[in-house]
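Structure first, commentary second.
So you know, we letter chains A, B, ... as the sequences are listed, proteins then strands, and number each from 1. The figures that follow rest on heavy atoms only: side chains count, while hydrogens, waters and symmetry mates do not.
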Protein chains: 2
Amino acid sequence: MTTSEAAAQSLSIGEVAERTGLSVHALRFYEREGLLVGPVQRTSGGRRRYTPVDVEWLLICVKLRESGMPLADLKHFAELVRQGPGNEAERLHLLDTHRQRVDAQIQALEECRSVITWKVAVYSEHLARGAADGLWAPTT
Amino acid sequence: MTTSEAAAQSLSIGEVAERTGLSVHALRFYEREGLLVGPVQRTSGGRRRYTPVDVEWLLICVKLRESGMPLADLKHFAELVRQGPGNEAERLHLLDTHRQRVDAQIQALEECRSVITWKVAVYSEHLARGAADGLWAPTT
DNA sequence: CTACGATCTAGAGCGAGGTCTAGATCAAGC
DNA sequence: GCTTGATCTAGACCTCGCTCTAGATCGTAG
């Protein structure tokens, strides 16, 4: 890839915000916090230029955050990647641990869902019978 | 139910904390914030005594919180219940809206899960092939 | 009666995860 | 050259949801 091709593919912070769903504030915050793998390139004027690899990494960050990974873990993962090859086992462990947490979360949510669904059914049934049943007094 | 039976069934804040998983601090906080349906009864000495109905409500609160309902919504729900019969439609709406959010959350988590699973598979495969493949450089 | 642990109130403090502000600079269009 | 909008930095500020502290009181076991 030539320099001009790289420049053509690179994106401004605003464009990256659009593509990732993160705010420009959050993007700068993530960078300060060391959550990115490399330092973001700058134009001669000092503006950030994100490469497609940067964006790919950010999209993964978004997925990990969305699923509840704390910023600290994300930072740790970024550090491992920065260190380069040799620590793949640790990266794997980090991801797999998180996957287990996500599984637990899904299960917990499904339990909540069934409790809520049951309550919704109770109210629906009551309303379907109409106000005629004036004595019904839901405790909750 | 006689007064003494009610007393026998009632629980101290510590016992309720155990049964609900909330801390005693959180229980007092919830009360202050108006998240409970009624005022908690007190002993002559001023200690709280929770009824089984209080505990049942708290268990529902826990499920709703666990599934991401904000305290403000929980408070709103509690207010509706406090107002008594007549607003069941609104309660239903509140719960059903939340159920939809939970569904969306579960779906989002499942997407995250599949992204993570894929990444885990990539690393596993790499590690299974061993370090012989020295040129492999994961971008993330 | 004395300890000692549980509970009380009011209010301060905290950690996570951003968000926003001020004031300056950059870059593109007219 | 001038205007306008995007971006820059450093750092203050915010919301949420508790958590903790201090100092007093209650209540039970010995």
Step through the shown structure and confirm whether more than 12 heavy atoms of other residues, nucleotides or ligands are within 6.0 Å of CD on Gln41(B). no

What is the distance, to the nearest angstrom, from the CD atom on Glu66(B) to the C1' atom on dC18(D)? 16 Å

Does Ser12(B) place a side-chain N or O at less than 4.0 Å from the phosphate oxygens OP1/OP2 of dT7(C)? yes

Could you give the distance from CD1 (Ile116(B)) to CD (Gln100(A)), rounded to the nearest 0.5 Å? 11.5 Å

What is the distance, to the nearest angstrom, from the CG atom on Leu35(B) to the C1' atom on dC16(D)? 13 Å

Arg48(B) vs dT7(C): side-chain N/O to OP1/OP2 distance below 4.0 Å: no

Between atom CG in Leu11(B) and atom P in dT7(C), what is the gap in whole Å? 11 Å

Separation of dT7(C) atom C1' from Arg42(B) atom CZ, nearest Å, is 10 Å

Nearest 0.5 Å please: distance from the CZ atom of Phe77(A) over to the CH2 atom of Trp57(A). 4.5 Å

Once you round it to whole Å, what is the distance between C1' of dA10(C) and CD of Glu31(B)? 14 Å

Quick one: Leu27(B) CG to dG17(D) P, roughly how many Å, whole number? 16 Å

Heavy-atom neighbours of Gln107(A) CD exceed 12 at 6.0 Å: no

Can you list the residues that meet the salt bridge (Lys or Arg N to Asp or Glu O under 4.0 Å) rule with Arg113(A), with sequence neighbours excluded? Asp103(B)

Tell me, please, which residues at least two apart from Arg101(B) pass salt bridge (Lys or Arg N to Asp or Glu O under 4.0 Å). Asp73(B)

Which letters describe nucleotides 16-26 of chain C, given B = protein heavy atom under 4.0 Å from base, S = only from sugar-phosphate, - = neither? -SBBBB---BB

Find the distance Arg49(B):CZ to dC8(C):C1' and express it as a whole number of Å. 14 Å

Measure from NZ on Lys75(B) to C1' on dC16(D) and round the result to the nearest Å. 14 Å

